Amino acid sequence: MANIGLYIELKEGVFKKSNRELLSLVRKCGQNVHAVVFCADLQPYLPELRGIQTVIQVKGTDLAYQPDRYAQTLADIIAEFKLDVFCGIFSAQGKDLFPRLAAKAKASLVNDCLAVDPASRKAVKPVYSGKLLAEFQVNDERALFTIRPNVIPVEENPADGQPEIKTFPFNAGPVKTHIVQVVKSAAKKIDLTEAEIIVSGGRAMKNKENFAILEDLAAVLNAGVGASRAAVDAEYATADMQVGQTGKVVNPKLYIACGISGAIQHFVGMKTSKIIVAINKDPEAPIFKKADYGIVGDLFAIAPLLQEELKKKL
Amino acid sequence: MNIYVCLKQVPDTEASILVKDGKSIQEANIKWIISPYDEYAIEEALKLKEKTPGSTVTALCLGPERVHSALRSVLAMGADKAVHIESNGYLDDQNTAQALAEVIKADSAFGVIFTGKQAIDNDSYQLHLRLAENLGIPAATHVTAFTVEGQKVKVQREIDEGAKEMIEMSIPCLVAAAKGLNTPRYASMMGIMKAKKIEIKKITLSEIGVNESQNKVQLLKLSAPAEKPQGRVIPGEPADAVKELVRLLREEAKVL
Ligand SMILES: Cc1cc2nc3c(=O)[nH]c(=O)nc-3n(C[C@H](O)[C@H](O)[C@H](O)COP(=O)(O)OP(=O)(O)OC[C@H]3O[C@@H](n4cnc5c(N)ncnc54)[C@H](O)[C@@H]3O)c2cc1C
Ligand SMILES: Nc1ncnc2c1ncn2[C@@H]1O[C@H](COP(=O)(O)O)[C@@H](O)[C@H]1O
């Protein structure tokens, strides 16, 4: 039986939602699972980790994320616990950490997986910006995978059972890649890569101030706000909001595109959304070919109407 | 300083990609470009060279014969040397990183290595950091700002939703570029003429002791994802269309 490891990602101490997708993925394959958590106090996270065989708590005096230290600690854990397969989230941190870990652990890595079978070490991931899917087979002694958020269905009532808890010392060795400061953005934004609903605006927004219309609509839906590259290039929106081939790949259950034409480079960044809604005044706009539902009209009229309608209780 | 930039040649972002025989793509009508993030890497390498007297920029690309055109355009933009590592089949990330590392290691005085944060064909998101680990040097990815003071490099990288990490490293180090780092330049006419005279150095995989039979990741299958069926446009006056949309989202799509 394979030994599977999971990197449980915490963001400022908060259990990241996509960890549940990782846990659901491995719980059902009935293998020996080790979940690794870097934290001073494990208690808040234990309810989430039910039904897992072993939890490895990494302890240290300063657990601040430094990629050299995290990668080395995880490489040591993989060796110590003889983990054959190790999975994490394809998040900003996962993208930074897993390739370093793969090199240190002399392991193969497939990033951004939509499906993984830990037993056979097969994985499916999008390539060519999602224009194609590739299935890979890892024939290495150790296989690492990162999983795209919002893809794996979360088990509602996972099996119970208290995990066995082990501790492991944090490797507080020297750091060559030194994170000296983390600067948070003033606005509290929703992480688009994990968002369940996204409202996006394009060039049609005309200016930065008009994005407030989309922010108001997003607030009703508890949605994140995205943008096309045209809107970012014109500085109506910030770079972290860009969705598409040279921006973020997002995967919400609902994506509302307002005044976005639907160029291929935008589409590849949001095409896996469960439902796409397009609001565009041009009936010939390519976005209508890709949207589940469309409304032809002026977004400046429709977005506020939509906001009002959504506010109405069922 | 001996500056390096690694780039990959990929299909144009507009290209429709069709599968051939389940494992490769139809290349016949594809226009090849330098992967967009690598363009930012090239620009930053050239800017660093201009600021650091006595520096050279060497462009590195692993791929088949066609990548000559990509290397040629980097030379035209202002790189001094170009190295083509010839590889015709699928080489996995460990092997590719190893091959690039062997070439760079041969220069004991390498300084900053620039790459993109991701190549937009296989979207592997790992070569850069593997390369740095292989060379035993620090590295930052998704970099949107870069400065050098003496032997110290300071970079800013984007993490989640507008948050940024400020990172310090010493040279030698690797920097993987993201959008926002700079605005890539075009080659000048003079650059294009000059580039024609520079010889592209060719290295075979066997010379560096890497080969495809060492691949540990095997590509089993390429396929086109299922296409969404065409959706529908909701007719009517804006107020009615919006009502209907919300109803559909609640009752049919069940996403609200
Ligand atoms: C290498 C490369 C990478 C790229 N990467 C990305 C990427 O990551 N993300 C991305 O988005 N793009 C990307 N692009 C750009 C892409 O090709 C398009 O240019 C861009 O997506 C267009 O943005 P847009 O839809 O906002 O603007 P436009 O194409 O100008 O469309 C604006 C739309 O708004 C509609 N409209 C105007 N006024 C109104 C109104 N009042 N109400 C309703 N509708 C209205 C118009 O009918 C039109 O359809 C990339 C391009 C290249 C070459
Ligand atoms: N074949 C290659 N030759 C040279 N550099 C490459 C090659 N493949 C990837 N790279 C570099 O590594 C970065 C990350 O690529 P990837 O891990 O494939 O997404 C790219 O942006 C390039 O800078």
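In what follows, every heavy atom counts, from backbone to side chain, and hydrogens, waters and symmetry copies are set aside. In what follows, every chain begins at residue 1, and chains take the letters A, B, ... in the order their sequences are listed. None of these values were measured; they are calculated from a predicted model.
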**OP:** Under 4.5 Å heavy-atom distance to chain B, tell me which part of A/Lys106 shows up: side chain, backbone, both or neither.
**Re:** backbone
**OP:** Output the option from A/Ile190, A/Val296, A/Val232 having the highest count of non-hydrogen pairs under 4.5 Å with chain B.
**Re:** A/Ile190
Original post:
Is it true that a side-chain atom of B/Lys152 and a backbone atom of B/Ile171 form a donor plus acceptor pair closer than 3.5 Å?
Top reply: no
Subject >> Under 4.5 Å from a heavy atom of chain A, the part of B/Pro225 involved >> reply: both
Subject >> Proximity breakdown for B/Gln218 and chain A, heavy-atom pairs closer than 4.5 Å >> reply: both
Subject >> Aromatic A/Phe90 / basic A/Lys95 pairing, under 6.0 angstrom, 45° off normal >> reply: yes
Subject >> Any donor-acceptor N or O pair under 3.5 Å, side chains A/Ser91, A/Glu9 >> reply: yes
Original post:
If you count heavy-atom pairs under 4.5 Å with chain A, which of B/Glu244, B/Lys243, B/Glu252 comes out on top?
Top reply: B/Lys243
Original post:
Relative to chain A, which segment of B/Val255 carries a heavy atom at a distance below 4.5 Å: side chain, backbone, both, or neither?
Top reply: both
Original post:
Is there a donor-acceptor contact under 3.5 Å linking the side chains of A/Ser228 and A/His266?
Top reply: no
Subject >> Interchain contact, A/Ala123 with chain B, by part (heavy-atom threshold 4.5 Å) >> reply: neither
Subject >> B/Arg157 (side chain) donor-acceptor with B/Thr141 (main chain) under 3.5 angstrom >> reply: yes
Original post:
Is there a side-chain contact (heavy atoms from CB on, under 4.5 Å) between A/Lys11 and B/Asp160 once you walk through the steps?
Top reply: CA-CA 10 Å; A/Lys11 195 174 165 194; B/Asp160 298 310; 3.3 Å; yes
Subject >> Under 4.5 Å from a heavy atom of chain B, the part of A/Ala134 involved >> reply: both
Subject >> Heavy-atom contact with chain A under 4.5 Å, split by part of B/Asp12 >> reply: backbone
Subject >> A/Gln265 versus chain B, the contacting section by heavy-atom distance below 4.5 Å >> reply: side chain
**OP:** Sort A/Ser108 into side chain, backbone, both or neither according to what part of it lies under 4.5 angstrom from a heavy atom of chain B.
**Re:** both
Original post:
Counting heavy-atom pairs under 4.5 Å to chain A, which of B/Ile25, B/Val153, B/Leu18 comes out on top?
Top reply: B/Ile25
Original post:
Got a salt bridge between A/Asp191 and A/Lys16, using NZ or NE/NH1/NH2 to carboxylate O under 4.0 Å?
Top reply: yes
**OP:** Using only heavy-atom distances, determine whether the side chains of A/Tyr65 and A/Asp96 contain a donor-acceptor pair under 3.5 Å.
**Re:** yes
Original post:
What part of B/Lys221 lies closer than 4.5 angstrom to a heavy atom of chain A: side chain, backbone, both or neither?
Top reply: both
Original post:
Does any N or O in the side chain of B/Asp92 come within less than 3.5 Å of the main-chain N or O of B/Lys216, such that one atom is a donor and the other an acceptor?
Top reply: yes
Subject >> Top contributor to chain B contacts, counting heavy-atom pairs under 4.5 Å, from A/Ala239, A/Ala301, A/Ala291 >> reply: A/Ala291
Original post:
Which heavy-atom pair separates B/Ala132 from B/Ala139 by the least distance, and what is that distance?
Top reply: CB-CB, 3.4 Å
Subject >> Contact origin within B/Leu127 toward chain A - heavy atom pairs under 4.5 Å >> reply: neither
**OP:** Heavy atoms only: give me the nearest A/Arg148-A/Pro126 pair and the separation to one decimal.
**Re:** NH2-CG, 3.1 Å
**OP:** Side chain from CB out, backbone as N, CA, C, O: work out which of these in A/Val268 comes under 4.5 Å of a heavy atom of chain B, or both, or neither.
**Re:** neither
Original post:
Are A/Lys17 and A/Glu194 ion-paired here, with the side-chain N under 4.0 Å from a carboxylate O?
Top reply: no
Original post:
Relative to chain A, which segment of B/Ser124 carries a heavy atom at a distance below 4.5 Å: side chain, backbone, both, or neither?
Top reply: backbone
Subject >> Side chain / backbone / both / neither for A/Ile264 at chain B, heavy atoms under 4.5 Å >> reply: side chain
Subject >> Proximity breakdown for B/Leu248 and chain A, heavy-atom pairs closer than 4.5 Å >> reply: both
Original post:
Which one, B/Met169, B/Glu227, B/Glu168, B/Lys117, leads in non-hydrogen pairs under 4.5 Å with chain A?
Top reply: B/Glu168
Original post:
Looking only at side chains, do B/Asn182 and B/Glu44 share a donor and an acceptor under 3.5 Å apart?
Top reply: yes
Original post:
So which of A/Asp112, A/Ile302, A/Leu192, A/Asp298 has the largest heavy-atom pair count under 4.5 angstrom toward chain B?
Top reply: A/Leu192
Original post:
Which residue out of A/Phe288, A/Phe136, A/Phe98 racks up the most heavy-atom pairs below 4.5 Å with chain B?
Top reply: A/Phe136
Subject >> Under 4.5 Å from a heavy atom of chain A, the part of B/Pro235 involved >> reply: neither
Subject >> Heavy-atom proximity to chain B below 4.5 Å, by part of A/Glu141 >> reply: neither
Original post:
Is it the case that B/Glu102 and B/Asn134 place a side-chain donor and acceptor less than 3.5 Å from each other?
Top reply: no
Original post:
Which residue, A/Lys184, A/Lys248, A/Lys189, forms the salt bridge (charged side-chain N to carboxylate O under 4.0 Å, His left out) with A/Asp240?
Top reply: A/Lys189
Original post:
B/Gln230 versus chain A, heavy atoms under 4.5 Å apart: side chain, backbone, both or neither?
Top reply: both
**OP:** Identify which of A/Val127, A/Thr193, A/Leu221, A/Thr177 forms the greatest number of heavy-atom pairs closer than 4.5 Å to chain B.
**Re:** A/Thr177
Subject >> Contact class of A/Arg229 relative to chain B, heavy atoms under 4.5 angstrom >> reply: side chain
Subject >> Side chain, backbone, both or neither of A/Ile279 within contact of chain B (heavy atoms, under 4.5 Å) >> reply: neither
**OP:** Could you tell me which of A/Arg100, A/Lys122, A/Lys271, A/Glu196 has the largest number of non-hydrogen atom pairs under 4.5 Å with chain B?
**Re:** A/Arg100
Original post:
Which region of B/Leu256, side chain (C-beta onward) or backbone (N, CA, C, O), has a non-hydrogen atom less than 4.5 Å from a non-hydrogen atom of chain A, or is it both or neither?
Top reply: side chain
Subject >> Exam field: side chain A/Asp68 to backbone A/Lys176, donor-acceptor pair closer than 3.5 Å >> reply: yes
**OP:** Ignoring hydrogens and angles, state whether a donor on the side chain of A/Ser129 or A/Gln245 is under 3.5 Å from an acceptor on the partner side chain.
**Re:** yes
**OP:** Using a cut-off of under 4.5 Å on heavy-atom pairs, state which of B/Val246, B/Asn215, B/Ile17 scores highest against chain A.
**Re:** B/Ile17
**OP:** Answer yes if the side chains of B/Thr96 and B/Asp93 hold a donor-acceptor pair under 3.5 Å, and no otherwise.
**Re:** no
Subject >> Residue A/Asn222 versus chain B: region with a heavy atom under 4.5 Å >> reply: neither
